[in-house]
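Below: the structure, in structure tokens.
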Amino acid sequence: GAVVSQHPSWVICKSGTSVKIECRSLDFQATTMFWYRQFPKQSLMLMATSNEGSKATYEQGVEKDKFLINHASLTLSTLTVTSAHPEDSSFYICSARTGTGYEQYFGPGTRLTVT
Amino acid sequence: QKEVEQDPGPLSVPEGAIVSLNCTYSNSAFQYFMWYRQYSRKGPELLMYTYSSGNKEDGRFTAQVDKSSKYISLFIRDSQPSDSATYLCAMRGGWAAGNKLTFGGGTRVLVKP
């Protein structure tokens, strides 16, 4: 149980374009989802927290207009990187939490390369 | 000073040895403690989850929490080459503190056959 999927697992895009990454909880309802960014050999950096049906809460220093997060249902959250630039290249990981549990279950991650 | 400190390693052990990992933290409000395993280019996988001080065992894994010393540990018995990964500790406060997890930097573990 507690499986989280991400799509795509790997994406290459050109500078200036937008990319959408999907995060789904497959066997539970996720009232809260989280988006992280991870650079090589570094730990996870929380970008934002999203609750189903409400606006995401962004961490300090994360541009909300650049990283658009939508949590439209209890099983789906999306992260859209708008007008991507090479410095946005990174490993993006989502996680999900049930309404009652404290554990977070992570997706497999999406590797974004902006050329 | 970081809220959660974790030795980055790498920690190299022979197959069959006990792997000992630990984290220290400074925020006394942390109540829930987790250990994640992350293979290269994969998402973290939840290994152990503990609340408050004490020990918890699951198969080859034992998690310890000492809130008085602000110190948590993870022990892996009979280590296997497949245990080679980066291990992340994570912790959070109670419900009123919100949902945010605070992670350690991760310890890279190499189990040599």
* What part of Gln6(A) is in contact with chain B, defined as an atom under 4.5 angstrom from a non-hydrogen atom: side chain, backbone, both or neither? ->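 Contact with chain B is absent: no heavy atom of Gln6(A) under 4.5 Å.
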* To do: Indicate yes or no: at least one non-hydrogen side-chain atom of Thr57(A) is less than 4.5 angstrom from one of Lys100(B).
  =>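 Sidechains of Lys100(B) and Thr57(A): no contact.
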* To do: Please state whether the side chain, the backbone, both or neither of Tyr36(B) comes within less than 4.5 Å of a heavy atom of chain A.
  =>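 Side chain only.
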* What part of Glu45(B) is in contact with chain A, defined as an atom under 4.5 angstrom from a non-hydrogen atom: side chain, backbone, both or neither? ->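 Interface part for Glu45(B): neither.
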Are [Y] and [X] co-members of a hydrophobic cluster defined by side-chain heavy atoms under 4.5 Å apart?
| X | Y | answer |
| --- | --- | --- |
| Val11(A) | Trp35(A) | yes |
| Ile76(B) | Phe33(B) | yes |
| Phe34(A) | Met45(A) | no |
| Tyr87(B) | Val13(B) | yes |

* Output the option from Cys94(A), Gly107(A), Gly109(A), Ser43(A) having the highest count of non-hydrogen pairs under 4.5 Å with chain B. =>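 Looking at each option in turn, the highest pair count goes to Ser43(A).
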* Which residues pass the ring-ring contact (aromatic ring centres under 6.0 Å, His included) test with Phe30(B), sequence neighbours left out? ->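 Listed in chain order: Tyr25(B).
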Exercise answer: donor-acceptor pairs, residues 103-113 of chain B side-chain atoms, under 3.5 Å, sequence neighbours excluded:
from, atom 1, to, atom 2, distance (Å)
Thr107(B), OG1, Gln6(B), NE2, 3.3
Thr107(B), OG1, Asp7(B), O, 2.4

* Roughly how far, to the nearest 0.5 Å, is the OH atom of Tyr36(A) from the CG atom of Leu101(B)? ->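 Between Leu101(B) CG and Tyr36(A) OH, I get 4.5 Å after rounding to 0.5 Å.
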* Using the side-chain contact (heavy atoms from CB on, under 4.5 Å) rule, take Gln38(A) and Gln38(B) through it: C-alpha gap first, then chi angles, then the decisive distance, then the call. => CA-CA 12 Å; Gln38(A) 187 176 35; Gln38(B) 187 177 24; 2.8 Å; yes
